[in-house]
Each structure stands twice: as C-alpha cells, then as structure tokens.
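Here the structure is laid out as structure tokens; the discussion comes afterwards.
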Amino acid sequence: MEVDEPVYDPQALQAKWLPRWEELNSFAAVEDPADTRPRKYMLDMFPYPSGDLHMGHGEVFAIGDVIARYWFQKGDNVLHPIGWDSFGLPAENAAIKRNAHPAEWTYANIETQATSFKRYGVSFDWSRRLHTSDPEYYRWNQWLFNRFFERGLAYRKGGLVNWCPQDQTVLANEQVVDGRCERCGAEIVRRELTQWYLKITDYADRLIDDMAQLEGGWPDRVLTMQRNWIGRSAGADVQFRIEGRDEPVTVYTTRPDTLYGATFFVVAADADLAEEIVSPEQREALEVYRAEVAKLSDIERLSTEKEKTGVFLGIHAINPVNGERIPVWAADYVLSDYGHGAIMAVPAHDQRDLDFARRFGLPVKVVVETGLDDPAETGVATTGEGRMVNSGPLDGLSKAEAIAAIIGILAERGTGRPAVNFRLRDWLISRQRFWGTPIPIIHCPDCGEVPVPDEQLPVTLPDLRGAALQPRGVSPLAGATEWVNVACPKCGGPAQRDTDTMDTFVDSSWYFLRYCDPHYTDGPFDVEKVRKWGPIDQYIGGSEHAVLHLLYTRFFTKVLHDMGMVDFTEPFARLLNQGQVINQGKAMSKTLGNGVDLGQQIDAYGVDAVRLTMLFAGPPEDDIDWADMSPAASQKFLARAFRVMTEAGAASAPGADVSAGDQELRRVTHRTIDEVTKLVEGYRFNVAIARMMELTSAARKAIDGGPGAADPAVREAAEILAVMLSLVTPYVAEEGWERLGHAPSVAKAGWPQADPALLVQESVTAVVQVAGKVRDRLEVAPDISEADLRALAIASDKVRPYLDGEPRKVIVRAPKLVNIVP
RNA sequence: GCCCCCGUAGCCCAAUGGCAGAGGCAAGCCCCUUAAAAGGGCUGCGUUGUGGGUUCGAGUCCCACCGGGGGCACCA
C-alpha cells in the first residue's frame, strides 16, 4: 500500500520513517559549552538483556519517552541515553545449557532489544550506548573497588551469610525477601563464609538525612521503604556487670526509662559472649540449644507464631541502677549482629520480653503506669506513655523526661550513654558466579589482600564456557588455575586472584554517570561532563528496586561526592515508579500462560497504537490490565487523527494567516495547548491524550460541518495535533507533519504556545442554587462582579418560587455559582 | 498486628470544596452504503464501597467500618 493514500497503515509508516530517523539523528545530546539551553537528563532504568523487550519495557520507555520528547520540543538540551545491565545469572545459566559462552547469549539479546527499541521509536542518543559486561565498562567497577578499598569502604570479613542453594551464591540482605532469594525464590540458608563487603553502614545517617532533598520528588512509598530498611533508632547503651566476669557487657535499648523494670538479661544464642559466660553446669544445655537454632531456616526463625525458646546460662547480671541480680539467658530472638548482641529484658513493657518471661516463668515488673491491666495477667505488654513507678529517682516522670534523666544518671556514673543503632547491614558484594566483574584483589601469603594496581586493570574474565560454568559452591573462576595463579603485585611471590565476582548491583550503582561520556578512558566518568549533566532530572523504573538499586546508587553517589568526583549528593532529583502491565488481574507469567508479547502487539496494531494504549490506560504509576485495554481502539483514534492531518494538509499550504481562521476552533485549539502543556508537565498523560482526542474531534467537525478543511484554523489545529502527538505516537505525527507540508522532524518542531487572547471565555454559565439544588443557569460575562451576579440570581424567575422573602444567606462565587439559602 | 494508597456508569478512567462525566471501551440508535465493512453522528438516573461528621454546599475534608493493593513486622 502506498503511504500517500489517506489510509492509516502503521506498518508502512514505520518502514518509511525508521530509516529516515536514523539519518536525522534528532536526539543527540549537545556537549558544546557554548550551548546555553537548559540541560535535562532523563533516564529509564537500563534493561537486563533477557530476550526481547516485553510489555513492561513497553510501558516504562513509553512514559520516559514522552517526558524526554516534551523537553526536546521545549528546546532543552536533553540527555536521554540507553545501555544494558548485561552481567548476571541468566546469561550464565543459558551458557551452561547451550555449552556456550555467556557473552554470546548476552550480546545477541542486546542486539535484539536495540532493534526493538529503535522500532519502538524511543528518543535515545544512541552514541552513548554502554554495556556493563564490556571490559571497558567493568574495568571501572574494579577501579572504583580499589578506591573503596583505599578508603576502608571495602573489606573482607567472615560471618554468617545468606546462601541461595538454587543460584549457588551468597546474597546481600537486600536480596533476601521473606527468607527467600529475590531472584529465584529459593529458601535461603545461612553459611559461614569470608566475603567482601562495602561499608554502606558508614553512610546510614546520610542516607536517611539526605532524603529531605527527595521529598516531593520521589514517591513517599519508596522513601518510607528506605527509611524502614535503614531502620535508624535512638536510645542508650547501658553497661551491666556480669557476676564472675571483669568486663561489663553493654546492651542497647530504646527504652532506658524502663531500666528499673529489667527482670532478666538475654544474650544472642549464636553470640560468642554466650559461650564465654555460660556456667560449666549449663554449657551442655547451651550447646544443644545452639545446635537446634542452627537447624532452623530464617523463615521458621522469623515466624511470628513461633514460641519463644531459650536456655538459662547459669549466671546473673547486675542492674546498674538498683543493683538487682537478674538471670542471664541465651535466646534466638536476640540477634548477634544488632546492637551488642545482648539485651536487658523488660517484660512489662516489651511484648517479646513478655512472651519469653511467660514461657519461662520469669518475673514481670511494671515501671510505667499506663492505666492498662497488668501485663503479667493479660499477656499484653504496655508499650505506651505513662508515669514512671517503682523506678527510684524516675518516679512520676513522663517517658521523655525519664529517658533524659536516666541517661544523665548513667553518664554520670560512667555506665551508659546515648546511642543510635541501624537495621542496615553492610553490603555483601561477593558472588560465587562467573558472569560478573572479577574482584581485583590478589591474595598473597605474605602481603595479604593486595589490590591489582590501577594500571593493570581491567582484570578480565578468563574464557570459560559451558560445563566449566557449572555452579559448584565456589566461583567457577577458581577452576581457571592459570588465571588464578599470579605473582603478588607487591612482593612478586606466588599469589592467587580472588575468584569471586561482584554483585551486579555494583555495575548499576554508577552507570548513569558514565553515560555523560561512555568511552572516557581517564576514569569511570568525565567529572566535568557529569558536573554539567547531573544529577538526573527524572529517573523512571519499577518499585522492585525501592531498596536495592536505588539505595546502592545513593550510597555510591555519596562516596563519589566525598571523593570529590561529583558535586551532588543525591543522584536522582525525581523518581517515577511506573505500574506493571498485567493480564486478567494477574502478573504475566509462563506458568499462568497469560503472557502478552510486545512484538506481537506491535505487529498487530503498530508501535503508535501500543504506545498510546500504554499511556492512555491511566496514571503512569497505576498497573495496566491489558485485558481491559483496547489497542484496536487506539489504532482507530490514530487513523482519525491521521485523516484530519491528511485532509488539512491537502486543502491548504503552510504559512496562512491563522487569525482569519474559524474562531471557535481556534479557541478549542489554544485551550488544548494550555491544558495539554499543564497535563504533560504533571505527568498526567492519560488526560492529556483525552484532550488531544477532543481536539481531533473538533477539527473533524470543522472539516465536515464547519468552515471546511481549507480553513486556516483547521490547519492550525492539525499542526498542533501533530506536534502534541509526536510525544506519544511519533510515526503518525511525523507522517502527518509531512502531509501538512513540513520537513521532518516533527520531534523538533517546537512546543506550541497558547494565545492568551483565545483562552478568554466570552461568557460563562453561572449556576444558581437554592439550598444546594440547581434552579437556574445564567449566561454571564466572565468578569461579572459578585454584586451583579447576586442581583441577577435573586431576580431570576426560576429562583423566586423557592424564596420566601429575603434569603438568610447568599454565597456568590463569581462567575460560576450562586447558592441561596432561603 | 501496625502504617500508607485506592474504591466514581457494565469496563478502563476524568472531575482547584461548587451543575457527578472530560476521553475511551462495550451497548443501543441514526446517517452514509445495493449490502456489509470502513467512516460520520447521537444516546449516560449512578446509593461516587457503607455509616456518621464538618460545611451554604462533600466524589473531594474529618472519624469509624467494609473491600482491594502495597509496605513493615522478634532490629531490643
């Protein structure tokens, strides 16, 4: 079919314009320092190349593209890059299955996705493309690791870690959700391993405090999740003496005011301290208990229904304020890696302690008078406010007063001080898998951990494939003996490379900086260019990264800030979490068989109709149930818009005097410009599209039953429609623009400005209510005074029957409403 | 259990505290057509989830509850 025919053929438009756009290269960001236009940085979370693009990509990139294209139309200098998060497990699993190298699968998928992105018409600057699995990229992961290492922010330690038996690797805490692997859903087990960590806990305070910058720009939900995850709490450290031990033991508590109510003391069962202080008589009981606890999975251990367990350690602690002897127990409800791994138990005012006390018959002592029933009787701890009782000098004080007072007393005696604790743990980055960045450390029997010198980076991956990648509990790199055995960079003696690779979240923690110059060779990114582009004006991605990628990236940004490499402290000024595309009320999945293929949708309805459907479905953060959507209807609308543009283009030439055009249509057009501008800026794309549909209908009516297709107002409406549609449906917009007699590209035509004179209404309908019920409508001037409108309303024949003399009250909201209370 | 968001027409969704309906789907009708498709047009009486409250006026604000979604949940 000829594209000149007045028939909308989306596939023909795609075939026609895609190659033309490649030549035009309209979306390259401009680095010229003489270019003083406002710079805007728009970024969509980069994709993992797991096959072709899916419906979810279709939505995010449609949303991001509208924003970027709007900025382009406004004349901003826009950076809108694309790349691939191309290290990761699926490639490795595919390689094992096919007896191939992970790179083959990875780069083939990247090409597939790149082709799909181009077809999808996304306004990327393709010259900035990057792949994290390229040595030219991951060498800078290693370079950054070295910087972290120098600053003491990368360290190795032994301890219990999360092990995924399915993926055969350790995971960071953030990657364990409800005791299961965030990737594959397998139940996590605990293992004792020595691993590399990044010291994100050093930044815990700043990660919380800097969220003040993000208020309003980020969804509250994400900020709340990060706040919860970091889990900052304020309280006090209190020292207890343990009988028969010289060193006092410190506990952390958020309720130092309840210190007089401490009736026992609990040490984490797995803490070294438990073993250290247990009496000889109880040692065996402790060992038995520890063995039981070790057998429990996290899921069992964290179950809220689980009854408290524990064992008496045969010794006593001394309460520092009243000298009371309280028994010391070991239990698994106290965690060894939070606070000091030991607590003072105040059963009257802490539910966990109360549960434990009731289970083992320990005393309950009320020290806060709350007016509620005795916790010992009810089994419900009283955690609220109240007056202190049974607490010596604290008696009668409120909670806040008591906390301040007791901290003062403890500080004076040197047995306590204010303290802050965090739930956040350091970020474990070692992975026992192949397809990732090798950790650039050499283990030397004499020199210890020696970083690979910067000039020797990158440490590239050895050529392993197929069965050599089979997970066996240690990194596949350990099997590459030639690669592993190297000379120590320090002493030259025989040494071995670290065989783990980095968590791929390291790759994505700074990629947005590299886009400013992805081929830069003097560092991970060009500091000067980042100064000009950063931070990102708008970031878009799924809420599944609320505490993973987004937390890590914020951490990296702060470290880079401290290194003097970036001048901002938060990477993303604004964040949008798009909804998911689901089908028939459920997430699409292979097992449910309810998957919808993006490519097939595009083949059936065209790119424009699919993009339009994604954006018209509802607010961008809402889920889209594809079963409720009609891409066919979107296509129908586009055909309608296409005809309007075609007919207007055929009937007139560009450059006519618009002021002579049909005033009624011109008013609609300019009101549409005004509204769509505001709606797009507020990211209310579904409503903006509804306005474009109205404009299309108005133009249609003007052609059919009004001034006709040749009227300059029809041309004006069609041209503005083309420009506005270019944000959403670039192909039909481009074709329409051409048919209207303009050279491509409509993407750079410039955003229209509404003529204020055409926004003024000649008359307004004022509603007259009597006691809230509409009784009359009056056509009045928009600038009518309140007094005039009031007089008109009261004089109305339709209103008078409802009035009985002088009204009690008249509310006038000129020019739209009068409410008369009789 | 605690916290947050959402409940508007058969469906997806609009509505600065001011006429409950912008847009779309579905449905029905009309025009065009030999006919159908395509195209053009017309048609919206609904406890705004329920019950209270504030207000001249509540879909909108407040309280309680119901339903759906999300987050947190032995971190002392």
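Order of the sequence lines sets the chain letters (A, B, ...), proteins ahead of strands, with each chain counted from 1.
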Handout entry: Pairing partner (Watson-Crick or G-U wobble, both distances under 3.5 angstrom) of B:rG67
Key = B:rC6
Exercise for the section: Could you check whether A:Ser233 gets within reach of a base, just the sugar-phosphate, or nothing at all, counting any heavy atom under 4.0 Å? Expected result: sugar-phosphate
Exercise for the section: Provide the distance between the two P atoms, one in B:rA9 and one in B:rC4, to the nearest whole Å. Expected result: 26 Å
Problem - Quiz item: cation-pi between A:Arg643 and A:Tyr8, 6.0 Å / 45° - result: no
Problem - Side chain of A:Ala633 (C-beta onward), nearest among B:rG24, B:rG18, B:rA76 - result: B:rG24
Handout entry: C1'-based separation of B:rA36 from B:rC31 [nearest Å]
Key = 15 Å
Handout entry: Whole-Å gap separating C1' (B:rG71) and CG (A:Asn577)
Key = 13 Å
Practice task
On the 0 to 90° scale, with breaks at 30° and 60°, tag the A:Trp329-A:Phe356 ring pair as parallel, tilted or perpendicular.
Solution key: perpendicular
Exercise for the section: Please check if the side chain of A:Gln635 supplies one atom and the backbone of A:Tyr605 the other of a donor-acceptor pair under 3.5 Å. Expected result: yes
Handout entry: Closest-nucleotide 5' rank along RNA chain B - winner of A:Gly618 and A:Arg640
Key = A:Gly618
Practice task
Identify whether any heavy atom of A:Arg425 sits under 4.0 Å from a base atom; if not, whether one sits that close to sugar-phosphate; answer base, sugar-phosphate or nothing.
Solution key: base
Handout entry: Residue A:Asp350, side-chain atoms from C-beta onward, closest of B:rA22, B:rA76, B:rG41
Key = B:rA76
Handout entry: Inter-nucleotide P distance (B:rC6, B:rG10), Å rounded
Key = 23 Å
Problem - B:rC72 pairs with, by Watson-Crick or G-U criteria that keep both distances under 3.5 Å - result: B:rG1
Exercise for the section: Specify the separation, in whole Å, of atom CG of A:Leu679 and atom P of B:rA15. Expected result: 9 Å
Practice task
Would you name the heavy atoms of A:Ala62 and A:Met614 that are closest together and state the gap between them?
Solution key: CB-CB, 4.5 Å
Practice task
Could you tell me whether a side-chain N or O of A:Arg255 sits under 3.5 Å from a main-chain N or O of A:Thr253, the two making a donor and an acceptor?
Solution key: no
Handout entry: Pi-cation contact, A:Tyr260 with A:Lys365 (under 6.0 Å, within 45°)
Key = no
Problem - Atom pair distance, as rounded to whole Å: CD in A:Glu694 and C1' in B:rA15 - result: 13 Å
Handout entry: Within 6.0 Å of NZ in A:Lys816, more than 12 heavy atoms from elsewhere
Key = no
Practice task
Check every atom of B:rG18, B:rA73, B:rG39 against the side chain of A:Arg643 and return the nucleotide holding the closest atom.
Solution key: B:rG39
Practice task
Select one nucleotide: of B:rA76, B:rA22, B:rG70, the one nearest the side-chain heavy atoms of A:Arg691.
Solution key: B:rA22
Practice task
By nearest nucleotide on RNA chain B, pick out whichever of A:Thr224 and A:Tyr338 is the more 5' one.
Solution key: A:Thr224
Problem - Rounded interatomic separation in angstrom, taking CG from A:Asp257 and P from B:rA76 - result: 14 Å
Exercise for the section: Using whole Å, report how far CE of A:Met693 lies from P of B:rC13. Expected result: 15 Å
Handout entry: Listed nucleotide nearest any side-chain atom of A:Asn228, set B:rA76, B:rG23, B:rC72
Key = B:rC72
Problem - Contacting residues from residues 619-629 of chain A, given that a heavy atom lies under 4.0 angstrom of RNA chain B - result: A:Pro619, A:Asp628, A:Met629
Handout entry: P spacing across the pair B:rG51 / B:rG44, given as an integer number of angstrom
Key = 27 Å
Fill in the blank from the handout: A:Glu544 atom CD is separated from B:rG71 atom P, nearest whole Å, by 11 Å
Handout entry: A:Ile703 side, atom CD1; A:Leu665 side, atom CG - distance, nearest 0.5 Å
Key = 9.0 Å
Problem - Watson-Crick or G-U counterpart of B:rA14, or none if no pair lies under 3.5 Å - result: none
Exercise for the section: Using whole Å, report how far CG of A:Leu817 lies from P of B:rU55. Expected result: 19 Å
Exercise for the section: Remember a base hit wins even if backbone is also touched, and classify A:Val334 as base, sugar-phosphate or nothing at under 4.0 Å, heavy atoms. Expected result: base
Exercise for the section: Tell me what A:Gln769 touches on the nucleic acid: a base, only sugar-phosphate, or nothing, going by heavy atoms under 4.0 Å. Expected result: base
Handout entry: A:Arg813 side chain, from C-beta outward: closest of B:rG41, B:rA76, B:rG18
Key = B:rG18
Practice task
Among B:rA73, B:rC13, B:rC42, find the nucleotide with the atom closest to the side chain of A:Arg423.
Solution key: B:rA73
Practice task
Pick base, sugar-phosphate or nothing for A:Arg684, based on heavy-atom distances below 4.0 Å to the nucleic acid.
Solution key: sugar-phosphate
Problem - A:Arg700 side chain, from C-beta outward: closest of B:rG41, B:rA14, B:rC56 - result: B:rG41
Practice task
Measure from CZ on A:Phe616 to C1' on B:rC12 and round the result to the nearest Å.
Solution key: 8 Å
Practice task
Answer with base, sugar-phosphate or nothing: what part of the nucleic acid does A:Asn819 contact at a heavy-atom distance below 4.0 Å?
Solution key: base
Completion exercise
The nucleotide from B:rA14, B:rG24, B:rA76 with an atom nearest the side chain of A:Leu335 is B:rA76
Practice task
Using a 4.0 Å heavy-atom cut-off across all strands, classify A:Lys636 as base, sugar-phosphate, or nothing.
Solution key: sugar-phosphate
Exercise for the section: Would you mind telling me which of A:Ile406, A:Leu259, A:Val249, A:Val321 makes a side-chain contact (heavy atoms from CB on, under 4.5 Å) with A:Val238? Expected result: A:Leu259
Problem - Salt-bridge contact A:Asp337-A:Arg425 (side-chain N to carboxylate O under 4.0 Å) - result: yes
Practice task
Using a 4.0 Å heavy-atom cut-off across all strands, classify A:Val821 as base, sugar-phosphate, or nothing.
Solution key: sugar-phosphate
Handout entry: Per A:Ser630 side chain, nearest of listed nucleotides B:rC74, B:rC25, B:rC72
Key = B:rC25
